[in-house]
Asks: 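Handing you a structure now.
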2 protein chains.
Amino acid sequence: MSDSKIRNMDDFASVSGISRPTISKYFNDADSVRKSTRERIEKALARYDYQPNFYAMNQNRRLTKNVGIVIPYMSDPFFAEIARNVENHVIAAGFRPIVLGSQGNPEQEIENLNNLRLIKPAGVLLAPLGRMSDSERIAAFCADVPTVLFDANIENVGEAFIGSDNEQSIGLIVEYLCRTGEPPAFFEMRKPTNPNALKRRNAYVRSMERSGHKPHLIQVEGEGWDFEEIGFREGSRVLADRTLPTDTILCSNDRLAIGLLSAAYQLGMPVGLGENCTLRIAGHDDHPFSRYTCPTLTTVSQDYTSIAKKSAETLFSLIETEQRAQSRETTLFDGRLVMRGSA
Amino acid sequence: MSDSKIRNMDDFASVSGISRPTISKYFNDADSVRKSTRERIEKALARYDYQPNFYAMNQNRRLTKNVGIVIPYMSDPFFAEIARNVENHVIAAGFRPIVLGSQGNPEQEIENLNNLRLIKPAGVLLAPLGRMSDSERIAAFCADVPTVLFDANIENVGEAFIGSDNEQSIGLIVEYLCRTGEPPAFFEMRKPTNPNALKRRNAYVRSMERSGHKPHLIQVEGEGWDFEEIGFREGSRVLADRTLPTDTILCSNDRLAIGLLSAAYQLGMPVGLGENCTLRIAGHDDHPFSRYTCPTLTTVSQDYTSIAKKSAETLFSLIETEQRAQSRETTLFDGRLVMRGSA
DNA sequence: ATCATATATTTACGCGCGTAAATTATTAAT
DNA sequence: ATTAATAATTTACGCGCGTAAATATATGAT
């Protein structure tokens with residue numbers, strides 16, 4: 001076990017007795033070298049745990065196996081979950097995923113794309129910040145790198161968009177709420193920071209009108225990504241006012257709902273379907289946490305799995321055909337009602 | 001505005017009329033060039049938005065301004081928060097932070113360190129997975145790169161350790177609980193995955209014995225990082241059994257407590273300090289979410305700020321002196337009791 | 001054994017940048 | 001104006017790897 005430090009591919013070529021270009025070829029595609037050669041390389045690999053320098057690799061390469069995945073917020077469990085899903089597809093297809101979070105910051109989002117450029121990705125899966133995004137620079141990026149948008153759309157940017165059908169999913173829960181009790185008011189931020197908020201607002205309004213009810217928007221103040229805090233603070237105020245025309249509140253997303261549930265609890269307003277309950281609260285997204293709220297949160301889950309799968313597959317076919325999409329396709333998946341305790 | 005694409009430093013040197021080595025020097029330290037030169041460069045920079053290739057930069061460099069930050073789990077809000085704190089200090093000191101999460105996976109943790117190696121970091125701030133960590137390979141890394149451990153200790157690895165005094169913080173809350181009601185049982189995973197769990201268990205036992213009470217450990221099954229789910233599932237079982245010798249439960253961390261609170265709620269067992277409450281539940285860490293549980297979670301907060309600051313400063317002084325620490329220092333900060341509604 | 005074919009090696013250059021040494025230009029002080 | 005100090009430029013090489021072309025070797029079929 002002569003473990004003299006292997007510092008680069010040249011060193012490894014020496015100890016394995018094979019030329020560097022062949023080693024390079026092996027790492028690019030293990031099956032592109034003769035079987036006997038491959039075995040010799042792998043035997044050497046087992047003794048000296050050499051690994052090519054990832055960044056040097058990408059420096060002078062035509063095609064790479066790198067796929068960038070960019071999400072709006074790393075520590076939001078909703079995005080973390082969908083990113084994990086996408087990542088698995090990318091790995092399964094033999095690509096190397098690089099996941100980056102934009103921390104709610106449009107500049108960070110552009111910086112992420114610029115950083116991805118440096119490793120010459122074969123393609124990128126981008127869940128943009130949405131309205132806040134610097135769509136011009138994102139479009140410029142998409143012109144150079146095959147990019148598929150998911151979760152949030154930016155019109156005419158990227159080769160395709162895959163997301164949820166907010167019209168359907170909001171319609172679903174509005175219909176459910178109307179059918180089982182009073183029609184819901186819609187709780188949201190006046191100037192929402194998260195991507196699909198405006199779509200959901202409009203979907204709510206239309207859905208209410210369709211079933212002959214008057215929409216009621218509760219638009220609260222607040223900025224940034226601390227949605228629970230906003231839901232709690234503004235929710236406390238709204239609930240304490242007791243000026244709501246309904247006992248049912250549909251929140252634009254689960255994180256607002258979580259804050260609102262906490263507010264209701266502290267005001268001693270029992271939430272749920274029980275006899276003594278004075279309030280029903282519903283959310284949207286099936287946030288990982290919504291299983292543990294008190295009461296558990298009735299919500300509508302996005303079809304993570306399908307969105308992740310379709311996004312990845314769309315990108316792969318773009319990469320394989322090595323050409324841009326003729327037309328920009330939009331795919332929307334249906335949400336699924338998740339009935340729990342809160343409504 | 002002749003925006004012919006600037007592809008590299010050579011191109012930028014041409015359009016700015018300054019030699020490439022000088023440009024390189026400028027990017028390395030803007031004050032190292034003459035003021036008039038600097039202004040010419042910055043004028044050109046404003047017109048052509050060139051930015052040096054980060055990875056090529058680090059390829060043949062002696063010293064870099066990169067500082068790696070590695071945390072056990074990216075999407076755990078607790079770690080996300082402390083990482084954000086550390087990151088700010090790193091930026092303020094003029095370094096460039098690179099944050100990586102190990103996703104609870106020891107191999108990923110090693111891979112993160114290996115990836116950091118490639119960008120030749122000036123130093124690394126590492127919050128290790130703890131017991132699960134491949135401490136041998138981490139030690140090997142620390143031998144090459146100045147590394148400061150925080151949050152979780154690995155004996156004799158790294159130049160220093162900065163964390164919380166679990167003995168103190170657990171003692172604090174045990175004392176509080178004992179003083180204000182029945183002495184607590186300790187709710188934890190039999191084989192804990194998170195770093196400080198064993199320290200906390202021992203601290204609990206000692207603290208109970210010190211105040212003359214018999215410790216009672218509730219050690220539940222479960223693996224992985226889905227603590228809320230474990231807290232809920234096992235908590236439901238434990239609470240339904242009604243075999244607890246006490247009405248007070250101290251959880252090893254807030255995430256377990258969140259699951260347990262949910263279990264109690266669903267079993268109709270009111271938690272808190274009210275007359276009709278049959279249970280008190282407390283946690284540890286002051287998880288960002290513990291403000292929104294029902295009832296809000298009484299816990300003990302770690303001194304994020306101080307830990308982040310001291311960790312960063314320790315690393316900076318190591319980097320500046322360009323030498324290893326004579327002795328491995330350990331700094332522990334006190335926790336602070338956060339009294340809320342649950343206990 | 002002979003030959004065509006597949007595979008490996010050699011050689012040489014490129015990626016985008018850091019860095020060192022020698023040279024030249026600029027600045028500030030005399 | 002002269003000089004010494006400072007800063008910029010030129011030149012040249014290196015980092016760790018990809019890649020292409022020419023050459024050499026191994027393989028398998030005849």
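Every chain is numbered from 1, with letters handed out A, B, ... down the list of sequences. Note that the structure is predicted; figures quoted are calculated from it, not measured.
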Asks: Round to the nearest Å and state the distance from B/Arg61 atom CZ to C/dG18 atom P.
Replies: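 These atoms are roughly 6 Å apart.
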Asks: Could you run down nucleotides 4-15 of chain D 5' to 3' and tag each one B, S or - for protein heavy-atom contact under 4.0 Å?
Replies: ---SSBBBB-BB
Asks: Over how many whole Å does the gap from B/Ile6 atom CD1 to C/dG16 atom P extend?
Replies: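 B/Ile6 atom CD1 is separated from C/dG16 atom P by 13 Å.
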Asks: Rounded to the nearest angstrom, tell me the gap between atom CG in B/Asp10 and atom P in C/dT19.
Replies: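 Result: 16 Å.
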Asks: In this structure, how many angstroms lie between the C1' atom of C/dG18 and the CG atom of B/Asn66, rounded?
Replies: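 The answer, rounded to whole Å, is 14 Å.
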Asks: Can you confirm if the NZ or CZ of A/Arg84 lies within 45° of the ring axis of A/Phe79 and under 6.0 Å from the centre of its six-membered ring?
Replies: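 Judged by the rule, A/Arg84 and A/Phe79 form no cation-pi pair.
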Asks: Is the distance between the ring centroids of A/Tyr304 and A/Phe78 under 6.0 Å?
Replies: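 Yes; A/Phe78 has its ring centre under 6.0 Å from that of A/Tyr304.
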Asks: Checking B/Phe12 now: which residues fulfil ring-ring contact (aromatic ring centres under 6.0 Å, His included) with it, not counting sequence neighbours?
Replies: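 For B/Phe12 the ring-ring contact (aromatic ring centres under 6.0 Å, His included) partners, ignoring immediate neighbours, are B/Tyr50.
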Asks: For B/Arg62 and C/dA20, give me the distance from atom CZ to atom C1', rounded to whole Å.
Replies: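 Nearest whole value for this atom pair: 9 Å.
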Asks: Check the distance between D/dA20's C1' and A/Asn28's CG and give it to me in whole angstrom.
Replies: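 Rounded to the whole Å, the gap is 14 Å.
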Asks: Tell me whether the side-chain N/O atoms of B/Tyr50 come closer than 4.0 Å to OP1 or OP2 in C/dC17.
Replies: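 Looking at the OP1 and OP2 atoms of C/dC17, one of them is under 4.0 Å from a side-chain N or O of B/Tyr50.
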Asks: Could you state the atom-to-atom distance from CZ of A/Phe27 to C1' of D/dG18 in whole Å?
Replies: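 A/Phe27 atom CZ is separated from D/dG18 atom C1' by 14 Å.
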Asks: Do A/Asn53 and A/Asn8 have side-chain N/O donor and acceptor atoms under 3.5 Å apart?
Replies: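 The criterion, which ignores hydrogens and geometry beyond distance, is not satisfied for A/Asn8 and A/Asn53.
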Asks: At less than 4.0 Å, is any side-chain N or O atom of A/Ser24 found next to OP1 or OP2 of D/dG18? Yes or no.
Replies: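 Answer yes for this pair, as a side-chain N or O of A/Ser24 is under 4.0 Å from OP1 or OP2.
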Asks: Rounded to whole angstroms, how far apart are CE on A/Met9 and P on D/dT19?
Replies: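 Distance check: A/Met9 CE to D/dT19 P gives 11 Å.
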Asks: Just checking, any donor-acceptor pair under 3.5 angstrom between side chains of A/Asn112 and A/Gln108?
Replies: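 Result is yes, a qualifying pair exists.
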Asks: Do you see a donor-acceptor pair shorter than 3.5 Å between the side chains of B/Glu159 and B/Thr314?
Replies: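 Side-chain D/A pair, B/Glu159 to B/Thr314: absent.
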